[in-house]
2 protein chains.
Amino acid sequence: MKSFLAIAKALSDETRVRALLSLQGGELCLCQVVDLLRLSPSTVSKHMSVLGQAGLVARRREGRWIYYRLSGATPAARAALRWARRSLEGEKAIAEDARRVCCIRGKDLNEVANCCYKE
Amino acid sequence: MKSFLAIAKALSDETRVRALLSLQGGELCLCQVVDLLRLSPSTVSKHMSVLGQAGLVARRREGRWIYYRLSGATPAARAALRWARRSLEGEKAIAEDARRVCCIRGKDLNEVANCCYKE
DNA sequence: GCTATACTTCGCCAAGTGACTAAATGAAAT
DNA sequence: ATTTCATTTAGTCACTTGGCGAAGTATAGC
């Protein structure tokens, strides 16, 4: 029950849902997610941690850079990911995010990070 | 997005998940759900309202009695119900609830209501 | 070792939420 | 119309949560 609730809670916040679905096109670095969501790095870090605890995303470190990707760590998490992606498929905000993620991916990572930490 | 979040939020509380899945064996009257959950009627009423708003349950009135049943009002709600039921299939608490619901169904409705409102 | 940088954790605040009691509402019985 | 009864709504309280800035941690470069 605890893991089910952790997944449901992870998916009950719009910011986190947007962060999660922004990974559909492939993994992103934290600073890229920060750029997308336009929130503080600490807030985004916390949200990604919640998604990770729920088994919805996985992360890897490359030096100072932390990358997150979609990941269904458990059957419940996999099913929840399917649910979310199908349910929000035509959602305008998600489509807009996807468009912006493409731009962000085209930017130099250092530039993105510089922007998000120095304001 | 709003309806997706409403469903996810509805499913992020253990009490509400138990209330929802208690309906798997067929509709229940509010007082029966109260008896199962051992919470105040007002609390249960509010929880059922949240589930209804999310499109996960439907209700009908029969005089003073209000009955709730599982209902997937939207594709997202139906998929979420499937997710919840599958994910929590072997869950001990849910199985225990199902056992108790059988007992509660065998009790006279007036007796159940009397019990839950007078004490 | 020191400095710079990306990220994480801590502490704070305001808003949100689950549980309760009391009051209000709707339906049934008299 | 009044009373009884099942449920709903309103208000309160303690706890939780999303967002922030500051401090802490981990990594890279010199």
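Note on naming: letters A, B, ... go to the chains in the order of the sequence lines (proteins, then strands), and numbering restarts at 1 for each one.
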Given [options], identify the nucleotide with an atom nearest to the side chain of [X].
X	options	result
Pro41(B)	dG11(C), dT8(D), dA6(C)	dT8(D)
Ile66(B)	dC20(D), dT7(D), dT9(C)	dT7(D)
Lys46(B)	dT7(D), dT8(C), dC20(C)	dC20(C)

Query raised in the report: Just by distance, with hydrogens left out, do Ser45(B) and Ser42(B) show a side-chain donor and acceptor under 3.5 Å apart?
Result: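 Result is no, nothing qualifies.
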
Query raised in the report: Going by distance alone, is a donor N or O of one side chain under 3.5 Å from an acceptor N or O of the other, for Gln32(A) and Arg105(A)?
Result: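 Gln32(A) vs Arg105(A): no donor-acceptor pair found between side chains.
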
Query raised in the report: If the sugar-phosphate is the primed atoms plus P, OP1 and OP2 and the base is the rest, what is the B/S/- string for nucleotides 21-30 of chain D, using protein heavy atoms under 4.0 Å?
Result: BB----BB--

N/O (side chain, [X]) to phosphate O (OP1/OP2, [N]) under 4.0 Å:
X	N	answer
Tyr117(B)	dC5(D)	no
Arg59(B)	dT7(D)	no
His47(A)	dG19(D)	yes

Query - Joint cluster assignment, Met48(A) & Val50(A), ILVMFWY side-chain distance < 4.5 Å - result: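 Hydrophobic grouping puts Met48(A) apart from Val50(A).
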
Query - Interatomic distance, Leu23(B) atom CG to Leu70(B) atom CG [nearest 0.5 angstrom] - result: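 CG of Leu70(B) is found 5.0 Å from CG of Leu23(B).
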
**Report entry** Between NZ on residue Lys46(B) and CG on residue Leu51(B), distance to nearest 0.5 Å
**Finding:**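 Lys46(B) atom NZ to Leu51(B) atom CG measures 13.5 Å (nearest 0.5 Å).
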
Measure from [atom1] on [X] to [atom2] on [N] and round the result to the nearest Å.
X	N	atom1	atom2	answer
Arg18(A)	dG19(D)	CZ	P	10 Å
Gln32(B)	dT7(D)	CD	P	9 Å
Asn114(A)	dA4(C)	CG	P	14 Å
Glu111(B)	dA6(D)	CD	P	12 Å
Leu30(A)	dT9(C)	CG	C1'	13 Å
Arg60(A)	dA6(C)	CZ	C1'	14 Å
Asp13(A)	dT16(D)	CG	P	18 Å
Asp35(A)	dA6(C)	CG	P	13 Å

Query raised in the report: Looking for any heavy atom pair under 4.0 Å, which part of the strands does Thr15(A) touch: base, sugar-phosphate only, or nothing?
Result: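 Thr15(A): backbone/sugar contact only, no base atoms under 4.0 Å.
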
Requested in this report: Indicate, with a heavy-atom threshold strictly under 4.0 Å, whether Arg38(A) touches base, sugar-phosphate, or nothing.
Outcome: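 Answer is nothing: Arg38(A) stays at 4.0 Å or more from every strand.
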
Report task. Using the side-chain hydrogen bond (donor to acceptor under 3.5 Å, both in side chains) rule, collect all pairs that involve residues 53-67 of chain B, keeping only residues at least two apart or in two chains. Result ->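 Qualifying pairs, neighbours excluded: Glu27(B)-Arg60(B), Arg60(B)-Glu62(B).
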
Counting only pairs under 3.5 Å, give me each side-chain donor-acceptor contact of residues 9-20 of chain A, with atom names and distances, residues two or more places apart or in other chains.
{"from": "Lys9(A)", "atom 1": "NZ", "to": "Ser12(B)", "atom 2": "O", "distance (Å)": "3.0"}
{"from": "Ser12(A)", "atom 1": "OG", "to": "Ala8(A)", "atom 2": "O", "distance (Å)": "2.7"}
{"from": "Ser12(A)", "atom 1": "OG", "to": "Lys9(A)", "atom 2": "O", "distance (Å)": "2.9"}
{"from": "Ser12(A)", "atom 1": "OG", "to": "Ser12(B)", "atom 2": "OG", "distance (Å)": "3.2"}
{"from": "Asp13(A)", "atom 1": "OD2", "to": "Thr15(A)", "atom 2": "N", "distance (Å)": "3.3"}
{"from": "Asp13(A)", "atom 1": "OD2", "to": "Arg16(A)", "atom 2": "N", "distance (Å)": "3.2"}
{"from": "Arg16(A)", "atom 1": "NE", "to": "Ala10(A)", "atom 2": "O", "distance (Å)": "3.0"}
{"from": "Arg16(A)", "atom 1": "NH1", "to": "His47(A)", "atom 2": "ND1", "distance (Å)": "3.0"}
{"from": "Arg16(A)", "atom 1": "NH2", "to": "Lys9(A)", "atom 2": "O", "distance (Å)": "3.1"}
{"from": "Arg18(A)", "atom 1": "NE", "to": "Asp97(A)", "atom 2": "OD2", "distance (Å)": "2.7"}
{"from": "Arg18(A)", "atom 1": "NH2", "to": "Asp97(A)", "atom 2": "OD1", "distance (Å)": "2.9"}

**Report entry** 5'-most by nearest nucleotide on DNA chain C - Tyr67(A) or Lys9(B)
**Finding:**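 Looking at DNA chain C, the more 5' nearest nucleotide goes with Tyr67(A).
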
